[in-house]
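In what follows, a structure is listed as structure tokens, so that the remarks can point back to it.
Along the sequence shown, residues are numbered consecutively beginning with 1. Start at 1 and go down the list; that is how both ligands and their atoms are numbered. In this text, all values refer to a predicted model and were calculated from it rather than measured experimentally.
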Amino acid sequence: MDFALSEEQQAIFDMARSFGQDRIAPNALAWEEAGDIPKDLWPEVGELGFGGLYVSEESGGAGLTRLDATLVFEALSMACPSVAAFLSIHNMCAKMLDAFGSDALKAELLPDVLSMQRVLSYCLTEPGSGSDAAALKTRAAATEGGYALTGTKAFISGGGYSDGYMVMARTGGDGPKGISTLYVPDGTPGLSFGGLERKMGWKSQPTRQVQFDGCEVPASNLLGEEGRGFAYAMMGLDGGRLNIASCSLGAAQAALDATIAYMGERRAFGKSLSEFQALQFRLADLEIELQAARVFLRQAAWKLDQGAPDATKHCAMAKKFVTEAGSKIVNQCLQLHGGYGYLADYGIEKLVRDLRVHEILEGTNEIMRLITARSLLST
Ligand SMILES: Cc1cc2nc3c(=O)[nH]c(=O)nc-3n(C[C@H](O)[C@H](O)[C@H](O)COP(=O)(O)OP(=O)(O)OC[C@H]3O[C@@H](n4cnc5c(N)ncnc54)[C@H](O)[C@@H]3O)c2cc1C
């Protein structure tokens, strides 16, 4: 058993970390205030090979393992979890396109998706179905040359911002087997967007409803087979959960690093904060939790890469554990900064707000427990 990163993995982490610190961290607060990640960031990210992290090398992607990909998200989140998480969503869509897209669709889209000239959003949730995603109602009716979509998707990260949408829609009867995945490019007649959602965190990425009103796409925009869309959507989620957990991990690490530095500088009662043993113990507890989270997360990623039979359970457990640990750590870091932690300029309160949603999306942490319990009870 080897717990060390290989030289190549360390290089991937270092490259992502240095890009994040140079290009994202100095802008994170301004982008949050503007509610916008400038579109010209993405081709720079694409140049690093991060637009298709686990798209196969034959298709022009980076062909990384899931474990390698977690390193990218951990490192980028040390700069801004909102920007890093947006990249995770684009990568879920890129993988779906590579794995299930028709040759025509791949030829048309993949080069721009990999270079991130074209960014993608993932459209599963609807106003009436979140955790129970297979109850979705958006319909894709067959037309002469393809499909016409009608319905509404809710909470879509990048809604009204992205260049294309991977949409899970009903082509058949009720339940998961009636669902297909279709690609809908921005600008398609009948595609419109709700107002910008005002939210607690992840403020730099726009979240909107995505609405389809007789939105026509050709048959070649169907991914894979009709009726398999829910399976395709779920296939991306094990990896998506690892990525979101990595975003919590990286942000928690950044908050802890900042807190250690702050405690060395800040003085109270004639000593630096780092000299109070009660606070030293608090730091120690945070470090223990962070390291446990990292090892658990990387083990889950390794299991997914190995195709281990219990990989889905481990991804769910790691998502639950690491996102909750991350939230707890950044909140404690805010406390150790005193009143300054509450001020935006110190960057810690943003992390508390950004990380909260990681406990809700890519499957809520209750659903992660459900997956874990089901797996335990079925054996
Ligand atoms: C900022 C943000 C960005 C998002 N981005 C996207 C995106 O890009 N694409 C996309 O498709 N979706 C996106 N989502 C949606 C997200 O995935 C859903 O919000 C999430 O799956 C939960 O669904 P829901 O909000 O409908 O809650 P519900 O499913 O209504 O759940 C409400 C509560 O009940 C609990 N619950 C539900 N069912 C069970 C059960 N069986 N057992 C125990 N507890 C249960 C839940 O855990 C939760 O606590 C985003 C959400 C947010 C907030």
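Salt bridge present: R353 and E32 bring a charged side-chain N and a carboxylate O closer than 4.0 Å. A salt bridge is absent between E362 and K319; no separation between the charged side-chain nitrogens and carboxylate oxygens falls under 4.0 Å.
In terms of N/O distances under 3.5 Å, ligand 1 is not approached by W202. Where the criterion is an N or O separation shorter than 3.5 Å, residue side chain and backbone included, S129 fails it with respect to ligand 1. Between F155 and ligand 1, at least one N/O pair is under 3.5 Å apart.
Between atom 48 (C) of ligand 1 and the options K203, R356, E366, K199, the minimum heavy-atom separation is to E366. Around atom 12 (N) of ligand 1, the closest heavy atom drawn from D132, L124, T125 belongs to T125. Between atom 19 (O) of ligand 1 and the options T364, L237, I360, the minimum heavy-atom separation is to I360. Selection from I367, N365, V357 by nearest heavy atom to atom 1 (C) of ligand 1 gives V357.
Between F321 and F296, the ring planes are perpendicular. Angles over 60° get that label, and only those under 30° would be called parallel.
In this structure, atom 17 (O) of ligand 1 has a protein heavy-atom contact shorter than 4.0 Å. Within a 4.0 Å radius of atom 32 (C) of ligand 1, the protein contributes no non-hydrogen atoms.
Counting protein heavy atoms only, atom 21 (O) of ligand 1 is closest to G130 C, 4.0 Å.
More than 12 heavy atoms of other residues, nucleotides or ligands shown are found within 6.0 angstrom of CG on D22.
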